[in-house]
There are 2 protein chains.
Amino acid sequence: MAHDHSELLKKIKKDMPEDELLQDLGDLFKVFGDTTRIKIMYALYEGEMCVCAISELLNMTQSAISHQLKTLKDANLVSARREGKEMYYSLSDEHVKSIIAEGYEHITE
Amino acid sequence: MAHDHSELLKKIKKDMPEDELLQDLGDLFKVFGDTTRIKIMYALYEGEMCVCAISELLNMTQSAISHQLKTLKDANLVSARREGKEMYYSLSDEHVKSIIAEGYEHITE
DNA sequence: CGTTCATATGTACATCTGTTCATATGTTAC
DNA sequence: GTAACATATGAACAGATGTACATATGAACG
């Protein structure tokens, strides 16, 4: 640390959200920060899918997909619906698409 | 794997972006997926800051901040400008704010 | 030149993360 | 009840990640 920033820091600290909110924000983006989960979300763009269809699509084990779906569900990004033996997952709301769209814009320009 | 999904999968595969793009998307969100980096970006909302101001604000070592700034710079999220001995960092473009804003909306409702 | 200040970088280490394997749960059909 | 299928879950392990420490680079000044 070095020269004086106290005025600037005071102003910024006042405008920064609470630590807990910033933590939650980081945790949310962490969920988006994995290719497998991004792929799952993209796959659900057109509608619901069962677990085994997703694992077939991504060519990954059912267990791996199930674990990732749990992560997505805990972050309220996907919802599940049971139909007989199968579980159908779908995107929870439009936020998923708009968050991905914003990221997409950043990297493609 | 189990019952047949070949039709569904064919359709979805056609509409999915390239693997490389999905990887890049994940990598981008990974950068947002850390509280320290989120805090740095929020701190830069109001304008540029030098490294030691940021490290004082977040109460972290200069080294830690420098490493994180490098990560942010590599992802084209912040830019740097030298003025004498100091380096001033600022947000590269409005994408940072809009991505964070979308995440913010998701967790606060 | 050498000194001081601001920042960058390499390394090491503890922690976190994603996948696999094995197994448990839950549903349907017999 | 049992068998078969779809999914969930726990444990273990390899690989990635964030920080601190030590040190290097670069700029300003005498």
Side-chain angles (χ1 to χ4, degrees), chain A residues 1-5 8-9 19 22-23 25-41 43-44 48-75 77-90, chain B residues 1-5 8 19 22-23 26-41 43-44 48-75 77-90:
Chain A
M1 321 292 161
H3 57 275
D4 186 50
H5 313 99
L8 175 63
L9 296 194
D19 258 48
L22 296 170
Q23 178 81 48
L25 255 183
D27 289 344
L28 174 67
F29 286 120
K30 209 169 286 177
V31 178
F32 283 86
D34 175 79
T35 310
T36 301
R37 290 190 292 265
I38 292 271
K39 284 180 181 174
I40 292 176
M41 290 186 274
L44 298 179
E48 61 180 14
M49 285 180 80
C50 66
V51 178
C52 71
I54 300 174
S55 70
E56 195 178 335
L57 174 71
L58 303 190
N59 200 31
M60 292 176 61
T61 64
Q62 171 269 318
S63 173
I65 300 299
S66 234
H67 279 294
Q68 297 296 21
L69 284 169
K70 176 165 171 45
T71 301
L72 289 167
K73 196 150 174 285
D74 288 346
L77 298 173
V78 304
S79 329
R81 172 180 79 82
R82 179 177 283 282
E83 186 175 314
K85 285 177 281 189
E86 290 155 29
M87 293 290 287
Y88 284 91
Y89 283 84
S90 54
Chain B
M1 321 288 161
H3 57 273
D4 186 52
H5 313 99
L8 175 63
D19 257 47
L22 296 170
Q23 179 80 48
D27 289 345
L28 173 67
F29 286 120
K30 209 170 287 179
V31 178
F32 284 86
D34 175 78
T35 310
T36 300
R37 289 190 294 264
I38 291 271
K39 283 179 181 175
I40 292 176
M41 290 186 273
L44 298 178
E48 62 181 13
M49 286 178 81
C50 67
V51 178
C52 71
I54 300 174
S55 69
E56 194 178 334
L57 174 70
L58 304 190
N59 200 32
M60 291 176 62
T61 65
Q62 171 268 320
S63 172
I65 301 300
S66 234
H67 278 292
Q68 298 296 22
L69 284 169
K70 176 164 172 45
T71 302
L72 290 166
K73 196 149 175 286
D74 288 347
L77 296 173
V78 304
S79 330
R81 173 180 79 81
R82 179 177 283 281
E83 185 175 314
K85 285 176 282 188
E86 290 155 30
M87 293 289 286
Y88 284 91
Y89 283 84
S90 54

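The chains referred to below are lettered A, B, ... by the order of the sequence lines, with proteins before strands, and numbering in each begins at 1.
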Candidate nucleotides [options], ranked by approach to the side chain of [X] - the nearest:
{"X": "B:C50", "options": "D:dA27, C:dT7, D:dT9", "answer": "C:dT7"}
{"X": "B:Q68", "options": "D:dT19, C:dT27, C:dT19", "answer": "D:dT19"}
{"X": "B:K85", "options": "C:dT7, D:dA28, D:dA8", "answer": "D:dA28"}
{"X": "B:S66", "options": "D:dT19, C:dT9, C:dT27", "answer": "C:dT9"}

Any donor-acceptor pair under 3.5 Å linking the side chain of B:R82 with the backbone of B:G84?
yes

Between A:R37 (side chain) and A:V31 (backbone), is there a donor-acceptor pair under 3.5 Å?
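Side chain of A:R37 to backbone of A:V31: a pair is present.
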
Residue whose closest nucleotide on DNA chain C lies nearer the 5' end, A:G84 versus B:S63
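Its nucleotide being nearer the 5' end, the pick is B:S63.
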
Quick check: closest heavy atoms across A:L44 and A:Y89, and the distance to 0.1 Å?
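Distance-wise, the nearest heavy atoms are CD2-O, 3.3 Å.
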
Distance, rounded to the nearest Å, where [X] contributes [atom1] and [N] contributes [atom2]:
{"X": "A:K73", "N": "D:dA8", "atom1": "NZ", "atom2": "P", "answer": "8 Å"}
{"X": "B:I54", "N": "C:dT7", "atom1": "CD1", "atom2": "P", "answer": "9 Å"}
{"X": "B:L69", "N": "C:dA6", "atom1": "CG", "atom2": "P", "answer": "16 Å"}
{"X": "A:M60", "N": "D:dA6", "atom1": "CE", "atom2": "P", "answer": "19 Å"}
{"X": "A:E86", "N": "C:dT28", "atom1": "CD", "atom2": "P", "answer": "11 Å"}
{"X": "A:L58", "N": "C:dT20", "atom1": "CG", "atom2": "P", "answer": "12 Å"}
{"X": "A:I65", "N": "D:dT9", "atom1": "CD1", "atom2": "C1'", "answer": "15 Å"}

Is [X] close enough to [N] that one of its side-chain N or O atoms is under 4.0 Å from OP1 or OP2 there?
{"X": "B:R37", "N": "D:dG18", "value": "yes"}
{"X": "B:Y89", "N": "C:dA8", "value": "yes"}
{"X": "B:T61", "N": "D:dC21", "value": "no"}

Between B:K30 and A:D34, does any NZ, NE, NH1 or NH2 come within less than 4.0 Å of an OD or OE carboxylate oxygen?
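Result for this pair is no, no salt bridge flagged.
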
Report yes if the ring of B:H67 lies under 5.5 Å from the six-membered base ring of D:dT19 with planes under 30°, and no otherwise.
no

Using the six-membered ring wherever Trp is involved, compare the ring planes of A:F32 and B:F29 and label them parallel, tilted or perpendicular (cut-offs 30° and 60°).
tilted

Regarding C:dA8, can its base be found pairing with the side chain of B:Q62 as donor and acceptor, where the two atoms are less than 3.5 Å apart?
yes

Would you indicate what B:A64 reaches in the nucleic acid, counting non-hydrogen atoms under 4.0 angstrom: base, sugar-phosphate, or nothing?
sugar-phosphate

